[in-house]
S.K.: 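Handing you a structure now.
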Amino acid sequence: RPLRPGVASFLVLSSTMVDVSDPTVRSLYDAVRNDSDATNWAMFSYVPGQQKIQSCGSGSGGYNEAVTKFADDQVMYAFVRYHWEERNRTKFVFLTWIGTGVKPLQRARISHHKIAVSECFKGFHVEIQGDSKSDFAEDVLIRKLRAAGGADYDGGGRTTGAEFSAFRSKAAATFEKPTT
């Protein structure tokens with residue numbers, strides 16, 4: 001039998017909504033953003049059987065410690081303060097983990113839920129989503145940070161100034177207009 005007008009849209013809307021109102025979410029975000037706070041990562045997951053986000057951990061051991069907390073049977077989100085040694089800069093990273101044991105219906109909701117969750121974490125520099133720990137290897141993060149930083153002339157490699165100058169000279173010679 002057909003549904004009444006408005007009922008179908010409510011069902012669709014409710015299946016894509018996620019509740020991120022837990023005050024712990026905001027307080028942990030603030031702690032990670034605060035350079036004087038030792039907390040440099042916070043992890044969030046769903047309340048079992050609900051479309052509500054809750055805190056499931058935090059720590060001061062950095063990016064690699066946060067990644068070790070991912071569980072294969074869960075969708076988890078993390079917000080991390082990362083000190084990028086190469087550039088001596090602090091960067092903020094938003095992670096979405098989709099465990100290999102997550103059911104298909106829950107996987108389908110992630111794209112909508114991730115938008116709402118990421119809205120809580122304004123000001124991150126890079127985002128990584130994956131379902132394998134290798135997706136979150138530190139070298140993957142570094143490549144993404146280099147690419148996001150702009151002026152990544154060497155495609156994320158470590159070209160020296162002399163190598164880049166030689167490349168620039170060769171490129172300039174290639175595109176010079178012939179004089180007549």
S.K.: Between Val25 and Phe44, is any pair of side-chain heavy atoms under 4.5 Å apart?
M.R.: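 They are in side-chain contact.
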
S.K.: Where is the tightest heavy-atom contact between Glu86 and Ile142, given as atom of each residue plus distance?
M.R.: OE1-CG2, 4.3 Å

S.K.: Report the C-alpha distance between Ile98 and Arg107 in whole Å, list the side-chain angles of each, state the deciding distance to 0.1 Å, and finish with yes or no for side chain to side chain contact (heavy atoms under 4.5 Å, CB included).
M.R.: CA-CA 7 Å; Ile98 307 162; Arg107 283 178 176 273; 3.3 Å; yes

S.K.: Between Arg87 (side chain only) and Arg146 (backbone N and O only), is there a donor and an acceptor less than 3.5 Å apart?
M.R.: no

S.K.: Measuring from Leu105:CG to Arg109:CZ, what's the distance to the nearest 0.5 Å?
M.R.: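 Rounded to the nearest 0.5 Å, the CG-CZ separation comes out at 4.0 Å.
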
S.K.: Sequence neighbours left out, what passes side-chain hydrogen bond (donor to acceptor under 3.5 Å, both in side chains) with Lys69? Give chain and number order.
M.R.: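 With sequence neighbours excluded, Lys69 shows a side-chain hydrogen bond (donor to acceptor under 3.5 Å, both in side chains) to no residue whatsoever.
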
S.K.: Looking at residues at least two apart in the chain, or sitting in another chain, which of them share a side-chain hydrogen bond (donor to acceptor under 3.5 Å, both in side chains) with Ser21?
M.R.: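 Here the qualifying residues are Asp19.
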
S.K.: More than 12 non-hydrogen atoms from neighbouring residues, nucleotides or ligands closer than 6.0 Å to CZ on Arg89, yes or no?
M.R.: no

S.K.: In terms of ring plane angle, is the pair Phe136 and Trp97 parallel, tilted or perpendicular, where the classes change at 30° and 60°?
M.R.: tilted

S.K.: Evaluate the side-chain proximity of Ser58 to Leu28: yes if any heavy-atom separation is below 4.5 Å, no if none is.
M.R.: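 Yes, side chains in contact.
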
S.K.: Hey, what do you get for OG (Ser27) to CG (Asn34), rounding to the nearest 0.5 Å?
M.R.: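 The OG atom of Ser27 sits 12.0 Å away from the CG atom of Asn34.
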
S.K.: Return the minimal non-hydrogen interatomic distance between Gly123 and Arg33, and the atom names on each side.
M.R.: O-NH1, 3.2 Å

S.K.: Do we see a donor-acceptor contact under 3.5 Å between the side chains of Tyr77 and Gln129?
M.R.: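 Their side chains do not contain a donor-acceptor pair, so the 3.5 Å distance test is not met.
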
S.K.: Looking at every heavy atom in both His83 and Thr90, which two are closest together, and how far apart are they?
M.R.: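 Minimum heavy-atom contact is ND1-OG1, 3.9 Å.
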
S.K.: Any chance you could measure Gln106, atom CD, to Gln74, atom CD, to the nearest 0.5 Å?
M.R.: 8.5 Å

S.K.: Calculate, to the nearest 0.5 Å, the distance between atoms CZ and NE2 belonging to Phe94 and His125 respectively.
M.R.: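 These two atoms lie 15.0 Å from each other.
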
S.K.: Do the side chain of Arg81 and the main chain of Val32 share a donor and acceptor less than 3.5 angstrom apart?
M.R.: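 Yes.
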
S.K.: Taking all non-hydrogen atoms of both residues, which atom of Glu138 and which atom of Asn64 are closest, and how far apart?
M.R.: OE1-ND2, 3.0 Å

S.K.: My understanding is that only one of Asn40, Ile128, Val126, Leu95 makes a side-chain contact (heavy atoms from CB on, under 4.5 Å) with Val80; could you say which?
M.R.: Leu95

S.K.: According to a hydrophobic-cluster definition based on side-chain heavy atoms being under 4.5 Å apart (Ile, Leu, Val, Met, Phe, Trp, Tyr only), do Met43 and Phe124 belong together?
M.R.: no

S.K.: Closer than 4.0 angstrom, basic N to acidic O: yes or no for Lys144 and Glu127?
M.R.: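 Here Lys144 does not pair with Glu127 in a salt bridge, since their nearest N and O are not under 4.0 Å apart.
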
S.K.: Hey, are the side chains of His112 and Met17 touching, using non-hydrogen atoms and a 4.5 Å cut-off?
M.R.: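 Not touching, per the 4.5 Å side-chain cut-off.
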
S.K.: To check you understand the geometry: which heavy-atom pair defines the closest contact between Ser45 and Met76, and what is its length?
M.R.: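 So the two residues come closest at CB-CG, 4.2 Å.
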
S.K.: Can you name the nearest heavy-atom pair linking Asp22 to Gln54, along with the distance?
M.R.: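 Shortest heavy-atom separation between Asp22 and Gln54 comes out as OD2-CA, 4.0 Å.
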
S.K.: Would you check if the side chain of Asp135 reaches a backbone N or O of Asp131 as a donor-acceptor pair within less than 3.5 Å?
M.R.: yes

S.K.: Compute the ring centroids of His113 and Tyr46, then answer whether they are less than 6.0 Å apart.
M.R.: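 Under 6.0 Å, so yes.
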
S.K.: With the 4.5 Å side-chain cut-off for hydrophobic clustering, are Val93 and Val117 part of the same group?
M.R.: no

S.K.: How would you list, by chain and number, every residue that makes a ring-ring contact (aromatic ring centres under 6.0 Å, His included) with Phe79, sequence neighbours excluded?
M.R.: Tyr29, Phe92, Phe121

S.K.: How long is the straight-line distance from CH2 of Trp84 back to CG of Leu141, given to the nearest 0.5 Å?
M.R.: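 Reported to 0.5 Å precision, the distance equals 8.5 Å.
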
